[in-house]
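First comes the structure, then the notes that go with it.
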There are 4 protein chains.
Amino acid sequence: MAGSVNKVILIGNLGRDPEIRSMQSGQRVANLNIATSESWKDRTSGERRDKTEWHRVVIFNDRLVDVAEKFLRKGSKVYLEGQLQTRKWTDPSGVEKYTTEIVLQNFRGELTMLDGRNDGQGGMGDSAGGGYGGDSDSNFGGGGYGGGFGGGASSPSQGGGASSGGSGMSADDLDDEIPF
Amino acid sequence: MAGSVNKVILIGNLGRDPEIRSMQSGQRVANLNIATSESWKDRTSGERRDKTEWHRVVIFNDRLVDVAEKFLRKGSKVYLEGQLQTRKWTDPSGVEKYTTEIVLQNFRGELTMLDGRNDGQGGMGDSAGGGYGGDSDSNFGGGGYGGGFGGGASSPSQGGGASSGGSGMSADDLDDEIPF
Amino acid sequence: MAGSVNKVILIGNLGRDPEIRSMQSGQRVANLNIATSESWKDRTSGERRDKTEWHRVVIFNDRLVDVAEKFLRKGSKVYLEGQLQTRKWTDPSGVEKYTTEIVLQNFRGELTMLDGRNDGQGGMGDSAGGGYGGDSDSNFGGGGYGGGFGGGASSPSQGGGASSGGSGMSADDLDDEIPF
Amino acid sequence: MAGSVNKVILIGNLGRDPEIRSMQSGQRVANLNIATSESWKDRTSGERRDKTEWHRVVIFNDRLVDVAEKFLRKGSKVYLEGQLQTRKWTDPSGVEKYTTEIVLQNFRGELTMLDGRNDGQGGMGDSAGGGYGGDSDSNFGGGGYGGGFGGGASSPSQGGGASSGGSGMSADDLDDEIPF
DNA sequence: TTTT
DNA sequence: TTTT
């Protein structure tokens, strides 16, 4: 058919570092775990409540796999656009399962880094007046030509340890709650 | 956390009539099965291929439940906006399962009918002259005031040409049943 | 910079046939006039009111220019995604003006036909049980590989006169109200 | 008509502080200037090029006006959703002009702060240790119940690392000023 | 006029 | 299970 649209837009934080693997065909694939959260004031209790939703993201777009590998880390905040896809699989004990993922394919999908939170050792804090620190927001369009990384000075330092820093989401707190 | 976005946009067709049920709280819920499809030309074989994706949609928004019940049927084409949500449940044999759904909640979510398949009795497919007849596209906004059915001056031209008529209810017939 | 998103999503009807022109570089460009409408119940008067908004759409994507030329006509309903862009220009009397357009560029932008309303003479009504008539919904992805037209039987007849048929929007009614 | 969608999604930065004014009816209105930028590698020269687009945003939604007033400043990064609207007006010399704006209305529109530039006194840029400090991303849904500020348990971890601190107000400080 |  |  046609005349249909299947689009997911997420802004959220990576719950852990991207996982990169290669398929037998040589095609590289990146998997991201993205958390989105909502908070609201409960109408009866008046308490503030919140809920985190976890999303499985699969990137087949070569350029975006590179971007994920080089620039995204646990805690990174991203904007992304992809498509919903549900896969059927059989677990080791023979049970049929379904998994729904957000897929960024070759000429579909966008990925934009919204912070510079990929500096492991917190290079941002090393000087007074730091301001926008290691921030290197970048827009990685899904197209063949486009988007791109600002190169040069905006290249972030990645190295090192667990994601520290004043990240919006405390990935560490959530780490062992990730349901997949 | 916050600063996050969780949004799904679909245009697709209902695979079957909406299922409406009531929760113990009295809250009514509608379930939709939406198909989206893509077709593309295979790069190696040159053949045209296509793939259909099925989506589970759950509507908690009262007004939109009414709209689904009154106007949507198997085959209806809709535009909708909702949020991704994954539920964990245990099947009868004790196996844990996850189901991902697109949720349209009380002040979130939009639903717009993109065709006029709003014939209550579903006799459309088996009678002559049926089909695309009484076109009555409608926009049901998620907001409190909102959206609405194109009554009055904006009433779509149904009469006239060969493509009118059909056994479907017209927008005018339904006008005073509109749930807002 | 980067880390930014500029996206417009419209579902609406063409107020007139697409205008196709060629630039000196040979690049072809299509211009569309799209109407979107809202209706709502006035809170004080209780009357139903509505408002139509007109959008200028410019297509630089070669494939999508072809699609617009071949398949879109006055009254056609489309889904499209593009970017906002404001141009400054000077009118004949030397006054500076700004025009904001929705641009569909080479690897950005999507265009999906949501009806088959491009049959000028209403071929849909010519047989009993017509059902989905000349409907030929199609999804034209912005990507290099993708989307595509279902070919074969779904190719619509275009010919002829002013847009008749049971179209959701009565383009004729609105024709002389188009503000550009 | 109906069955139409008119939606703009932007992620960008404020070019200046929000402008808040009151209409004769008492309705408050906020105006934002938002910049979105793209960068790409020129295919012929191989140079990196970029282009900034400026957007006029008008907020009629009361809650979101408050949010803009309290939390947004020149440089703030936001996610927003609104509708395109073109206004006709006559300039002092009698020339007719059109202005296209992105409108966030009462039950339409979303606004999400994507950084923590919510320091009331604007002293951030000129004091040591400023910058990305008190990260307090917030999601201000357009709905009636909704969105909210990440207080309580979901409070972002500000303390700790080198990148914390700063002169900005923290989310907690502002908690009881939140306009919903 | 923003941001990197 | 839809739609073309």
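Naming: A, B, ... by sequence-line order, numbering from 1 per chain. Side chains included, hydrogens not; waters and symmetry mates left out as well; all remaining heavy atoms used.
In this structure, D:D17 atom CG and E:dT2 atom C1' are separated by 11 Å, rounded to whole Å. In this structure, D:D50 places its CG atom 14 Å from P of E:dT2, rounding to the nearest Å. Atom P of nucleotide F:dT2 and atom CD1 of B:I34 are separated by 13 Å, given to the nearest angstrom. The CD1-C1' distance, from D:I11 to E:dT2, rounds to 15 Å in whole Å. As a whole-Å value, the separation of D:D115 CG from E:dT2 P is 15 Å. Remark: P of F:dT2 and OH of B:Y79 are 25 Å apart, rounded to the nearest angstrom. Atom NZ in B:K77 sits roughly 10 Å away from atom C1' in F:dT2 (whole-Å rounding). Here the C1' atom of nucleotide E:dT2 and the CG atom of D:L72 are 13 Å apart, to the nearest Å.
Contact check for B:R21 versus B:N31: side-chain heavy atoms found under the 4.5 Å cut-off.
Considering only the side chain of D:W54, E:dT1 comes nearest among F:dT1, F:dT2, E:dT1. Taking every side-chain heavy atom of B:R16 into account, F:dT1 is the closest of F:dT2, F:dT1, E:dT2. Here the nucleotide nearest the side chain of D:S37, chosen from F:dT1, E:dT2, F:dT2, is E:dT2. Side-chain atoms of D:A35 lie closest to E:dT2 of the nucleotides F:dT2, E:dT1, E:dT2.
Scanning atom types as modelled, one donor and one acceptor separated by under 3.5 angstrom connect the side chain of D:T52 and the base of E:dT2.
B:E101 and B:R56 are joined by a salt bridge, as a carboxylate oxygen and a charged side-chain nitrogen come within less than 4.0 angstrom of each other.
Under the salt bridge (charged side-chain N to carboxylate O under 4.0 Å, His left out) criterion, B:E47 pairs with no residue, sequence neighbours left out.
Of the possible polar contacts, none joining the D:N33 side chain to the D:G15 backbone as a donor-acceptor pair under 3.5 Å is found.
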